[in-house]
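Single-structure report; data block below.
Order of listing sets the numbers, starting from 1, for every ligand and every atom in it. Heavy-atom basis, side chains included; hydrogens, waters and symmetry copies ignored. As the structure is a prediction and not an experimental result, all values here were calculated from the model.
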Amino acid sequence: MVIRGPLPDVVIPKVSLIEYLLDGLGRQQDNDVALVDSADSSKFFTYKQIREKGVRLASTLASLGLNKGDVIATSFSNCIEFPLIVVASVACGAAVTTCNPHYTRDEIRRQFQHSLPKMIFVDAGECGAMREIVKGINSVQHIFSVESCSQCESVHDLIGRANMADYPHDVSVNPSEDLAFLPYSSGTTGMPKGVMLTQQNIIAMITISRVSFQSFQRDVIYLVVPMFHIYGIMLPFLGLLQGSKVVIEKRFSLESFFSSVQKHKVTVFNAVPPMVLAIFNSPLISKYDISSLKRIMCGAAPLPADVADQVQKRLKVQIFQGYGLTECGAVTTAAMDTHIPIESIGVPTPNVLIKIVDVKTGQELSENQDGEICVKTLQVMRGYYKNPKATTQCITGDGWFHTGDIGHYDKFGCFYIVDRIKELIKYKGFQVAPAELEEVLLQHPNIADVAVIGIPNREAGEVPKAFVVKKDQTLTAEEVQRFMQGKVATYKLLRGGVAFRSYIPKSLSGKILRRELRAEEQKSKL
Ligand code: 4UU
C-alpha cells in the first residue's frame, strides 16, 4: 500500500528559486535579526540585509562571469555568509556544490574534478591551500573567502564593489531542470556521486518542511549541523522563510551548545543522535539556564529510544525524529506530534508518498512488514550528475526512489527504520562510503583484498571496520590504520578496527557480500 501522511498536500509554487527566496525573505520583518554568529553576536544579518547583500553579491558574481548552468563550490565551516552565497548563485542560475572543509586534498580534488566549479568560497586563510589543491582544474577562475582575508577578496569585498547594473535580470530558468545544489552522496552503493537538486526540488523541500514544522514560526533555531550536508543546507532557508532567527555555530561542543542556548534563548535545536547522547551524559545541564529550549529535532541516523526518553525528561523538551536523504531533498518523514512513539521516524510529510517493498520481489508490503522504504515526491533529485546508470539503479521509471533503508509502518501510518541494505556507513550522521575506503586500502602494497562495513557503536552510531586479506604476513592492524591517516578525512578512519581474513566473501558477479561480514561480526559479539 502507498502511504500518505495526515497533513494535506501543499501547492509547490511554480516560480524560479530566486523569486521564491526573495519573496519569502521579503515577507519577514526587515530589521529582525535573521542570522547571527553564535560565538560573536556582532556578526549578524537582518532580513533586509540578506536580500540586499545577496542581490549585490549576485551582481558582482555575474560581472565576473558566473552564468546559468555554472557550478560554484563552498568549502567552509558554518557561517552567516552561506545563505548570501546561495542567493547570489541561484540568482545567476548557477548550482552550489557543497564540500566538507575537513576533507583531505584528494577528497576535495575528486569532488571538484567532477563538479568543475568556476568559483570557490573558502574559510579566511584557506585560499592559498585551495589554490594548490585545484591546480590543473581549469574550470576554477576565482577563489574567495567568506570573511576578510589578506590574500584574496572576501564575500564582503565582493558585496562592497557591486554594481547593480550587473544584476543578472535576464537569466531564464526552468525550475524543474536547472540545478540549485550539487551535494555529494554515495547513495546505495559505490563512491560519492553528485546529487542534482533542481530549483524545484529545493522549493518543494522548503515549502513541505515549513508546513510540516508550522509550529516553528518565530523560533530561534540553533544550527550546528554542517552546511555542506543536506540537513544543514536546508535548515537556514527553512528558518529564514518562516521568520525565525537562526543562530549559526561552527562546531558542536557541549560548552558552546549550552552557553549559546542560554545567550540566544534558543527554542529549537536541530541535532544528530551523537549530540543528543552527549547532552544526555553532560553534567553541564545544571550550570546553564536552558529553559528557552522547547524542541530537539533529530535526524540523519537512528536515535536510541532510551536516550531520547531521558533527555526529554531531564531537559523538559520534546524530541522529534526526522528522516531524510540527500537524494530526497532532506526531510521525507517527520514526527511532529507527541502521540508518535519516540522510536518512530514519523509520518510522511505533505506531498510525500511512501511504500515498503519486498527487497527480492519488489512487491508492495503491508502493515508491520519489513521491506525497502521507497519514496515518491517532488523533492526527489533529478539524478546523479554525469551518472545516468547510477540514477536508474535507484529511481524507477515511474519516479519511485529506492532508499536502501529497511523499515515498516504500523497501523497508524508511523514509520520505523530497522536496518539498512545499502553499503553506506553513518559515523555521527556523516556519510562514510565503504567503496571509498576500500579503494584507498587497496593502494597498500601488502593488501590483497579488503571489505569495509559499519559496526554498531553507541556513541557514533556506527564506525567503519576493515576486513583485510594480507599479501604478506608481516602486515599489522596498526600499519593499516596508519596508512589511512591523511588519506581520508578523520571521521572516516577505521575506528571499528582491522581484522584479517583469508578471503573476502563475494557473489558470483564479484560483489562483496557485506551482509555475511555483518552477520559474522554480530555472531562474534554474542
Ligand atoms: C535512522 O542524513 C541525511 C539527511 C537527514 C535529515 C535531513 C533533514 C534529517 C532530518 C531533516 O530534517 O541524508 P544522507 O543522505 O546523509 O543520509 C541518508 C541516510 C538514510 O538513508 C538513512 O539510512 O541516513 C539515514 N537516516 C536515518 N536513519 C537519516 N535519517 C534517519 C533517521 N533514523 N531519523
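Residue G324 holds the heavy atom nearest to atom 29 (C) of ligand 1 of all those in G187, G232, G324, G407. Of the candidates V331, D419, T403, V331 brings a heavy atom nearest to atom 12 (O) of ligand 1.
The ligand atoms of ligand 1 that sit less than 4.0 angstrom from a heavy atom of I230 are 4 (C), 13 (O). Residue-ligand proximity, Q431 to ligand 1, at heavy-atom distances under 4.0 Å covers atoms 14 (P), 15 (O), 16 (O), 17 (O). Listed by number with element, the atoms of ligand 1 under 4.0 Å from a non-hydrogen atom of K426 are 2 (O), 3 (C), 13 (O), 14 (P), 16 (O), 17 (O), 18 (C), 19 (C), 24 (O). If you number the atoms of ligand 1 from 1 as listed, the ones under 4.0 Å from a heavy atom of P302 come out as 1 (C), 28 (N), 33 (N). If you number the atoms of ligand 1 from 1 as listed, the ones under 4.0 Å from a heavy atom of I417 come out as 1 (C), 28 (N). Close contacts between ligand 1 and L325 involve ligand atoms 4 (C), 13 (O), 15 (O), 18 (C), 20 (C), 21 (O) [criterion: under 4.0 Å to a heavy atom].
For the 3.5 Å distance criterion, the side chains of S77 and D123 qualify, holding a donor opposite an acceptor. Between T104 and D106, the side chains place no donor N or O within less than 3.5 Å of an acceptor N or O (distance only, hydrogens not considered).
Atom OH in Y20 sits 13.0 Å away from atom NZ in K14 (nearest 0.5 Å). Note: F320 CZ to S212 OG = 12.5 Å, rounded to the nearest 0.5 Å.
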Practice problem: Please lay out, stage by stage, how I285 and R314 fare under the test side-chain contact (heavy atoms from CB on, under 4.5 Å). | Solution: CA-CA 9 Å; I285 294 181; R314 201 159 163 211; 3.6 Å; yes

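Proximity of M297 to ligand 1, defined as any heavy-atom pair under 4.0 Å, is not found for any part of the residue. Contacts of D405 with ligand 1, taken as heavy-atom pairs under 4.0 Å, involve the side chain alone. Residue contacts with ligand 1, taken as heavy atom pairs separated by less than 4.0 Å, do not involve N270 at all. Under 4.0 Å from ligand 1, heavy atoms of T326 appear from its side chain as well as its backbone. Under 4.0 angstrom from ligand 1, there are no non-hydrogen atoms of A334.
Between Y231 and ligand 1, no pair of N/O atoms sits closer than 3.5 Å. Checked against a 3.5 angstrom limit, the closest N/O atoms of A300 and ligand 1 fall inside it.
Residues I221 and T267 form no side-chain contact, since every pair of their non-hydrogen atoms from C-beta on lies 4.5 Å or further apart. You'll find the side chain of R218 reaches within 4.5 Å of the side chain of D32, heavy atoms only.
Aromatic ring centroids of F257 and Y222 lie under 6.0 Å apart. Less than 6.0 angstrom separates the ring centroid of H114 from the ring centroid of Y184.
Shortest contact from atom 34 (N) of ligand 1 to any protein heavy atom: G322 O, 2.8 Å. Here the heavy atom of the protein found nearest to atom 16 (O) of ligand 1 is H229 NE2, 2.7 Å. Among all non-hydrogen protein atoms, the one lying nearest atom 32 (C) of ligand 1 is A301 O, 3.6 Å.
Taking a 4.0 Å cut-off on heavy atoms, K422 registers as neighbouring ligand 1.
A side chain to side chain donor-acceptor pair (under 3.5 Å) with T189 holds for exactly one of K422, K511, E423; it is E423. When each of E462, E107, E439 is tested with K492 by the rule salt bridge (charged side-chain N to carboxylate O under 4.0 Å, His left out), just one qualifies, namely E107. Paired with Q111 under the rule side chain to side chain donor-acceptor pair (under 3.5 Å), one option of T98, T97, N100 passes, and it is T97.
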